[in-house]
Amino acid sequence: MLPALSGCSSWICTDTTAERGKAGVRVQVVDRKGRPLGVTAAVVDWSLAPHPQEPSEDDRVRFRFRFDGADEYSDPAVHACAVDKKRVTLGCQTVSSSQAFGPADDPLTGNDWLTVEHPEQVDGVLLIPNDQSYDRRTCEVDIKDGGGMHPPESPSRGDQL
C-alpha cells in the first residue's frame, strides 16, 4: 500500500520572458523583473578592424566595454549588439563583467569582437540592460523546479533596437 498525499493537485509550471530593456551605449543593468542591480555597463569605444587571429578575413567590430558596480561575487552579463543607423542589429553576443579585466590603468574594461556580414553598415555598438547571467531551467527541461521568469533572448540579425 502506498501512502496518499492529501491536498496535492497537478503541478503547473509556466515560463515567461522578461521584456527587453531599452538598448544604449550606457545602461543600468536590470534583473528579470526590471529592477536595477546597481551595475552600469557601457561601451567605451568601437572600431572596425581585422581580427588578429584571422587577418585575412573581413573586418570585425572590435569594442571595449566597462562594468561599474559589479563585485567579485556577481557576474552580470548583457547583450552587446552592432547596429546600423536605424538601430537594426547586425550581430550580437553576450559580454559579462568577468570579461572586464583590462589593463592596470583601467581594470574594469574588457574588449571583444562582433562578427557582422556587412561591417561597412555598422554605426555603433549598443548594450541591452537585461542581466543574462542567470537563467533558470525551463518547464520543458525541469517541470518540478523550472519555469518562471527568464531573461529576453539575444536579438536576431535584423531586429530593431
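In this text, all values refer to a predicted model and were calculated from it rather than measured experimentally.
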Check your understanding: Taking everything shown except Gln160 itself, do over 12 heavy atoms lie less than 6.0 Å from its CD?
Key -> yes
query: Do other residues, nucleotides or ligands put more than 12 heavy atoms under 6.0 Å from the CD atom of Glu120?
result: yes
**Ionic contact status for Arg64 with Asp45, cut-off 4.0 Å** = yes
*asked:* When you measure from the side chain of Ser133 to the backbone of Ala77, do you find a donor-acceptor pair of N or O atoms at a distance under 3.5 Å?
replied: no
In short, Thr89 meets Pro155 closest at the heavy-atom pair CG2-CB, 4.0 Å
d(Leu114 CG, Cys81 SG) to nearest 0.5 Å is 7.5 Å
query: Can you find a heavy atom in the side chain of His79 that is under 4.5 Å from one in the side chain of Gln132?
result: yes
Check your understanding: Above 12 or not: heavy atoms from other molecules or residues under 6.0 Å from CD of Glu153?
Key -> no
- Does Arg87 use its side chain to pair, donor to acceptor, with the backbone of Leu161 at less than 3.5 Å? yes
CG of Leu90 to CG of Asp159, rounded to nearest 0.5 Å, is 11.0 Å
I'd like to check Val83 versus Val122 (side-chain heavy atoms, cut-off strictly below 4.5 Å). Are they in contact? no
d(Gln28 CD, Lys22 NZ) to nearest 0.5 Å is 15.0 Å
- Task: Evaluate the side-chain proximity of Pro152 to Ile128: yes if any heavy-atom separation is below 4.5 Å, no if none is.
- Result: no
Taken to the nearest 0.5 Å, the spacing of Asp123 CG from Trp46 CH2 works out to 6.5 Å
Could you tell me whether a side-chain N or O of Asp84 sits under 3.5 Å from a main-chain N or O of Gln121, the two making a donor and an acceptor? no
Exercise. Is it true that Val25 and Phe63 fall in one hydrophobic cluster, defined by side-chain heavy atoms closer than 4.5 Å?
Worked result: yes
- Are the side chains of Arg20 and Pro151 in touch, meaning some heavy atoms are under 4.5 Å apart? no
Of all heavy-atom pairs linking Gln99 and Ser96, the shortest is OE1-N, 2.7 Å
Output for pair (Trp113 CH2, Asp59 CG), nearest 0.5 Å, gives 8.5 Å
dist Arg26:CZ -> Arg66:CZ (nearest 0.5 Å) comes out at 8.5 Å
Tightest non-hydrogen contact, residues Leu127 and Ala80, listed as CD2-CB, 3.7 Å
**Message:** Counting neighbours of CZ on Arg157 that are heavy atoms of other residues, nucleotides or ligands and sit closer than 6.0 Å, is the number greater than 12?
**Reply:** yes
Between Leu126 and Ala23, the two heavy atoms sitting closest are CB-CB, 4.1 Å
Main-chain N/O of Asp68 paired to Thr40 side chain as donor or acceptor, under 3.5 Å: no
Expected output: side-chain Asp75 to main-chain Ser98 donor-acceptor under 3.5 Å: yes
Is the backbone N or O of Glu19 less than 3.5 Å from a side-chain atom of Asn130, with the two atoms forming a donor-acceptor pair by type? yes
Asp131 side chain reached by Pro76 side chain, heavy atoms, under 4.5 Å:
yes
When the ring planes of Phe65 and Phe67 are compared, do they come out parallel, tilted or perpendicular, using 30° and 60° as the limits?
perpendicular
